[in-house]
Amino acid sequence: MSNFLRREADSFFFRRRVPTPLQARLGQSEIYRSLKTTVRRTARARAAHLFIATESLFRMLEEDDEFPLTDDDIRVAVRRWLDTPPWKQRLKIVDEMSPGSLRAYHESLPDTLLKMSADEGVSYGDNLGQEANAALDHSEYFDVRSGDRLRRTATAIQRQLREYVDRRMDDVFGEELKATTTMQTVATVAPSEPPANMTKLSTFIKAWQQDIIAGYNYNKALGDETTDQYLKTVEMFVALMGDLPVGKITFDTAAEFRELVLQMPAAHGKGGTTSAKKELARAKADKDLRRVSMKTAKRHFSGMNSIWKWLVHKKHIPVAVQPFSGHSFPGTKSKKSARDDWSREDLQRLFTSREYRDAPDSGALHWLPLISLHSGMRLEEICRLRPETDIITRDGIHCFNITARTGWDPKTESGTRLIPIHSWLIQHGFMNFATQQRSRGSEHLFSPELTLHKGKVSSGFSREFSKLKIDLGVGSKTSFHSFRHTFRTVLGSTNLQNDHIDAIMGHEGGGSEGRTYTKRFTTDKLQEVVEAFRSPIDLGFIGTSTGSAPPPLPKVTVKKRKLTPPVLDGNGRIIRQRHR
């Protein structure tokens, strides 16, 4: 199995060439997947599973040139899927409904049953697509042509759920229901479908951008970085698919766009100005060029869904048409990997480094890590502090006042909060620094050193700090945000109540009542929470002569490997070359 393993830096990848006769049908010349591990033994096991799956796929394609999947096949797959324990439990709700509830809600019941399986934030169309994909996988159908199959399977799921509810209605109400339904059918005239909107997509881009920047339909305004990404996505769609009328954009159009995006080079749009079609041609000519990841393709569909939802809101297209929903993006399910806290060793490595010790004591590098470590504040929250209005005194206690203002607001509702300033920061001279910045008329605490860029004041510092901690050998899961984790971890080891810690951290407690209650904590109680924090290492040497500081830990150097593409034989196995 090692013939199909490829190591890039510290991670392993599975790489297998698609047999030449099948490349055109599969739309790719090789299968290249991250195994998401740095351990060789784990990588070999995962590669074995992928090898078996690809073997089955190749065999099915070779045995059946057309690879048909009939409507009967799909109906059987959906029936088997709805017979699984989770769906049986949901359908049981229909069986146990009272006659009154059944008559009142029978029209919306199929959609309600589908929504019960949706994760938070997932749209109806995306959830329906996930259910369709799961039904096919459950019956071990390989989803080669995902657009057509998923659409047909989704329709079959909706139809079978409707049939199930109608059968239950028939069992409960019998002939009465049939008579009523017949009368309503005769009286109802089928409405004619409105003509398709033939206005080209590019016509709407400017107005859409203005609305998502300002925030429309009570939605939160998007930042400059997100709107810029969405704009590039729509421009790429127009470049690859043409400036189509919005009424002519279908699910199949979106499926074709998905396939083209996955063939684009991974470096597309990163600094270059080459057209999308030229980049696509370059990728097709160079088989060794790294392609766009599935995660990036999913992000592009988020951009297309953004403009599509806007078109629906503006009534340019009917709400029933959702071409960019329900597509499959395997391996992209969100998994939040927890960041590490700052260890004692890494804290000493940072604060005793030459870069930190040589930084001016009125600069961002000097103060930002210390403030976050002693307050648990987010990086952007600190950078947005205004010396004139956000460094205040409440009940005789110096505090940071995190509140919304024009152009920015805290991350969550509970993010608006008061944080007493830790006595260590005051003893270290923070109030003097804040007073100096106030007297200079600085807009933000670190103006003019840090400036607004793409909607954030912290973006420039964030990049530079990331480079510094990597150069010092700090682990990849330890970031600036890890100061916040360290603050929470230390407080969690005390006898403080979680509600009190949440009030400082800006975390949401249990329900809206809990969040409202945290606003009423006294300043003395909040100060007690902050003062309970003790740094994992003694920072008394900061601000003193270099000779009084503990010796710096050695930098951990990461050896960079030179990556060269392997040579593969006709079966996709790596040819081992002997070095003379």
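Residue numbers start at 1 and run along the sequence shown.
Side-chain contact check for Phe446 versus Phe461: every heavy-atom pair is 4.5 Å or farther apart. Within the 4.5 Å cutoff, the side chain of Met505 has heavy atoms near those of the Phe487 side chain. Looking only at side-chain heavy atoms (C-beta outward), Leu373 and Phe533 come within less than 4.5 Å of each other. Side-chain contact between Leu526 and Arg394: absent, with no pair of heavy atoms (C-beta onward) separated by less than 4.5 Å. Put simply, the side chain of Asn217 does not reach to within 4.5 Å of the side chain of Lys309, judged on heavy atoms. Ile391 is listed as a side-chain neighbour of Met431, based on a closest heavy-atom distance under 4.5 Å. Contact check for Phe433 versus Asp361: no side-chain heavy atoms found under the 4.5 Å cut-off. Residues Phe400 and Asp390 have side chains not in contact (no heavy-atom distance under 4.5 Å, counting atoms from C-beta outward).
Ring geometry, Tyr216 versus His313: the interplanar angle falls from 30° to 60°, so the pair is classed tilted.
Of the possible donor and acceptor atoms, one in the side chain of Arg438 sits under 3.5 Å from a partner among the backbone N and O of Pro387. Although no hydrogens or angles enter the test, the distance criterion places a donor-acceptor pair under 3.5 Å between the side chain of Ser372 and the main chain of Met377. With Arg46 contributing its side chain and Lys36 its backbone, the two residues share a donor-acceptor pair below 3.5 Å. Looking at Ser439, its side chain does come within 3.5 Å of a backbone N or O of Gln436 through a donor-acceptor pair. A distance-only check finds no donor-acceptor pair linking the side chain of Arg386 to the backbone of Glu443 [under 3.5 Å]. The backbone N or O of Gln229 sits less than 3.5 Å from a side-chain atom of Thr233, completing a donor-acceptor pair. Counting only distance, with no hydrogens or angles, the side chain of Asp243 and the backbone of Ser202 share a donor-acceptor pair below 3.5 Å. Without hydrogens or angle criteria, Arg417 side chain to Gly415 main chain gives a donor-acceptor distance under 3.5 Å. Glu388 places no side-chain N or O within 3.5 Å of a backbone atom of Gly441 that could act as its donor or acceptor partner. A donor-acceptor pair under 3.5 Å is absent between the side-chain atoms of Ser306 and the main chain of Ser302, judged by distance alone.
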I would like to know whether Asp211 and Lys314 meet side chain to side chain contact (heavy atoms under 4.5 Å, CB included); could you show each step before the answer? CA-CA 11 Å; Asp211 278 354; Lys314 294 294 185 179; 3.3 Å; yes
Could you give me the CA-CA distance, side-chain angles and deciding distance for Ile212 and Gln209, then say whether side chain to side chain contact (heavy atoms under 4.5 Å, CB included) is met? CA-CA 5 Å; Ile212 63 175; Gln209 282 274 295; 3.7 Å; yes
Please determine whether side chain to side chain contact (heavy atoms under 4.5 Å, CB included) holds for the pair Leu368 and Phe483, giving the CA-CA distance in whole Å, both sets of side-chain angles, and the decisive distance to 0.1 Å. CA-CA 10 Å; Leu368 283 171; Phe483 288 121; over 6 Å; no
Start with the C-alpha distance between Thr42 and Phe12, add both sets of side-chain angles, then the distance that settles side chain to side chain contact (heavy atoms under 4.5 Å, CB included), and finish with yes or no. CA-CA 9 Å; Thr42 305; Phe12 287 94; over 6 Å; no
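Electrostatic pairing of Glu528 and Lys525 counts as a salt bridge here, judged by a charged N lying under 4.0 Å from a carboxylate O. Ion pairing of Arg291 with Asp286 is absent here, as no side-chain N (NZ or NE/NH1/NH2) approaches a carboxylate O to less than 4.0 Å. Look at Asp288 and Arg15 and you find a salt bridge, because one of the NZ, NE, NH1 or NH2 atoms lies within 4.0 Å of a carboxylate O, short of that distance. With respect to the salt-bridge test (charged N to carboxylate O, under 4.0 angstrom), the residues Arg384 and Glu381 do not qualify.
Note: Asp341 CG to Thr478 OG1 = 8.0 Å, rounded to the nearest 0.5 Å. Atoms CD and CD1, from Glu531 and Ile421 in turn, are 11.0 Å apart once rounded to the nearest 0.5 Å. Separating the CG atom in Leu370 from the CH2 atom in Trp424 is a distance of 4.5 Å, to the nearest 0.5 Å. Rounded to the nearest 0.5 angstrom, His481 NE2 and Trp342 CH2 are separated by 13.5 Å. Interatomic distance, NZ of Lys467 versus CG of Leu472, reported as 14.0 Å (0.5 Å rounding). From Lys232, atom NZ reaches atom NE2 of His300 across 10.0 Å, with rounding to the nearest 0.5 Å.
The aromatic ring centres of Phe465 and Tyr356 sit 6.0 Å or more apart. Note: Phe301 and Phe329 meet the aromatic proximity criterion, with ring centroids under 6.0 Å apart.
Gln263 and Ala283 make their closest contact through O-CB, 3.2 Å (heavy atoms, listed as atom of the first residue, atom of the second, distance). Residues Trp208 and Ile307 approach most closely at NE1-CA, 3.4 Å, considering heavy atoms. The two residues Leu445 and Gln437 make their nearest non-hydrogen contact at O-NE2, 2.8 Å. In terms of heavy-atom proximity, Gly303 sits nearest to Tyr230 at CA-CD1, 3.4 Å. Contact detail for Cys399 and Thr523: the closest heavy-atom pair is SG-CG2, 4.0 Å. Listed here is the closest heavy atom pair of Phe204 and Trp310: CB-CZ3, 3.6 Å.
More than 12 heavy-atom neighbours from other residues, nucleotides or ligands sit within 6.0 angstrom of CZ on Arg405. The 12-atom threshold is exceeded at NZ of Lys469, counting heavy atoms of other residues, nucleotides or ligands nearer than 6.0 Å.
For His49, the ring-ring contact (aromatic ring centres under 6.0 Å, His included) criterion is met by no residue, not counting sequence neighbours.
Inspection of the His428 and His366 side chains reveals an N or O donor paired with an N or O acceptor under 3.5 Å.
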